[in-house]
Amino acid sequence: MTTPENSLADDFCARPVAESRTVYTGIVWDVARDTVDFAPGVRFTRDYVAHTGAVAILALTPERDVVVIRQYRHPARAHMWELPAGLLDKAGEDPAVAAVRELEEETGYTAGAVHHLLDYYPSAGGSNERISVYVAFDCTEAKGVDFERVDEEAEILTRTVPLDELEDAALSGRLHNSALIIATLAYTARVRRGEAPGT
């Protein structure tokens, strides 16, 4: 019998929270402070970024090139190549629908078939952000996408790149965006194993 202790799988089991409050309200997300009843006689307090969650999409054209964007990321002080992505900040919006919406808004491409690839927490020690990653096939330039990009999105560059070139760039350390790296390596590994979504 497999138990959580010897299973190579994360065990989502929230410990009781004695107190929770927002200690900072930000423009995009807040900072929460929770006091956790961890175990009998063990209580601690932690601050973390209270995040809406996000989506990203590995969008493949009919030629199997990947649609990527480049935009400025101020905390990293860098122009980074990324997958189209965005916050889950519309109440009730399905994550797969949000991923396709972000693809259209950021690139002008629309998706054919869409499949869930994976979920991950980019910084589970300091944020509850969960990113749901999708892979989309037969992505083509859409007609009639009317979306005004502002702030850092105003300078977004869009290009398509062969999947093997993207994998090489990720493995070489030339790329640094976590969603792009994780999605690219997970998808190419699944392709080699014959387990890729949509195949």
Side-chain angles (χ1 to χ4, degrees), residues 1-58 69 71-99 101-102 106 114-135 150-153 170-190 195 197:
M1 178 174 152
T2 301
T3 64
E5 291 78 19
N6 64 22
S7 171
L8 192 59
D10 295 332
D11 181 21
F12 287 85
C13 56
R15 302 292 175 103
V17 176
E19 181 186 8
S20 181
R21 61 191 177 99
T22 300
V23 293
Y24 173 77
T25 301
I27 296 170
V28 179
W29 44 71
D30 302 333
V31 176
R33 178 169 294 160
D34 286 0
T35 299
V36 181
D37 283 332
F38 186 71
V42 181
R43 175 180 275 190
F44 57 77
T45 301
R46 294 290 182 269
D47 290 348
Y48 61 92
V49 174
H51 200 284
T52 62
V55 292
I57 188 163
L58 182 77
I69 61 172
Q71 67 177 314
Y72 181 69
R73 292 301 190 184
H74 182 69
R77 309 305 201 264
H79 291 94
M80 290 187 163
W81 287 103
E82 306 178 353
L83 298 181
L87 299 174
L88 284 171
D89 55 1
K90 294 191 176 197
E93 186 175 32
D94 180 89
V97 172
R101 176 179 54 77
E102 291 291 346
E106 293 185 344
V114 179
H115 300 272
H116 182 257
L117 182 62
L118 55 84
D119 293 340
Y120 76 99
Y121 287 78
S123 185
S127 173
N128 65 356
E129 178 184 14
R130 181 171 96 174
I131 299 179
S132 295
V133 182
Y134 294 84
V135 58
V150 297
D151 301 325
E152 68 270 24
E153 290 185 350
L171 288 170
S172 73
R174 301 195 312 271
L175 301 175
H176 300 88
N177 177 265
S178 64
L180 183 147
I181 293 168
I182 289 168
T184 300
L185 299 184
Y187 181 72
T188 54
R190 289 189 181 187
E195 300 171 355

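Computed from a predicted structure; not experimentally measured.
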Query raised in the report: Counting distance only, does the side-chain N/O of Tyr120 pair as donor-acceptor with the main-chain N or O of Ala179 below 3.5 Å?
Result: yes
Report task. Nearest 0.5 Å please: distance from the CG atom of Leu83 over to the OG1 atom of Thr184. Result -> 5.5 Å
Query raised in the report: When rounded to the nearest 0.5 angstrom, what distance separates CZ in Arg190 from CG in Leu185?
Result: 12.5 Å
Query - Side-chain donor-acceptor contact under 3.5 Å, Asp34 with Tyr48 - result: yes
**Report entry** Rounded distance (nearest 0.5 Å) linking atom OH of Tyr121 with atom NE2 of His51
**Finding:** 12.0 Å
Query raised in the report: Which atom names give the shortest non-hydrogen contact between Ala183 and Val133, and what distance separates them?
Result: CB-CG1, 3.6 Å
Query - Minimum heavy-atom distance Ile181-Ala170, with the two atoms named - result: CG1-CB, 4.2 Å
Query raised in the report: Atom OG of Ser132 and atom CG of Leu88: how far apart are they, to the nearest 0.5 Å?
Result: 6.5 Å
Requested in this report: Output, in order, the C-alpha distance, side-chain angles, deciding distance and verdict of side chain to side chain contact (heavy atoms under 4.5 Å, CB included) for Ile182 and Leu118.
Outcome: CA-CA 9 Å; Ile182 289 168; Leu118 55 84; 3.9 Å; yes
Report task. Quick one: closest heavy-atom pair of Pro122 and Ile131, and the distance? Result -> CG-CD1, 3.9 Å
Query - Distance, nearest 0.5 Å, that separates OG1 of Thr35 from CZ of Phe44 - result: 10.0 Å
Requested in this report: Look at the side chain of Glu106 and the backbone N and O of Ala85, then say whether any donor-acceptor pair between them is shorter than 3.5 Å.
Outcome: yes
Requested in this report: Look only at the side chain of Arg130 and the backbone of Gly53, and say whether a donor-acceptor pair between them is shorter than 3.5 Å.
Outcome: no
Query raised in the report: What pair of heavy atoms forms the shortest contact from Ala18 to Asp37, and how long is it?
Result: CB-OD2, 3.8 Å
Query raised in the report: Do Val28 and Leu87 have side chains that get closer than 4.5 Å, going by heavy atoms?
Result: yes
Query raised in the report: Atom NE2 in His176, atom CE in Met80: separation rounded to 0.5 Å?
Result: 6.5 Å
**Report entry** Residue pair Tyr134 / Pro197, side-chain heavy-atom distance below 4.5 Å
**Finding:** no
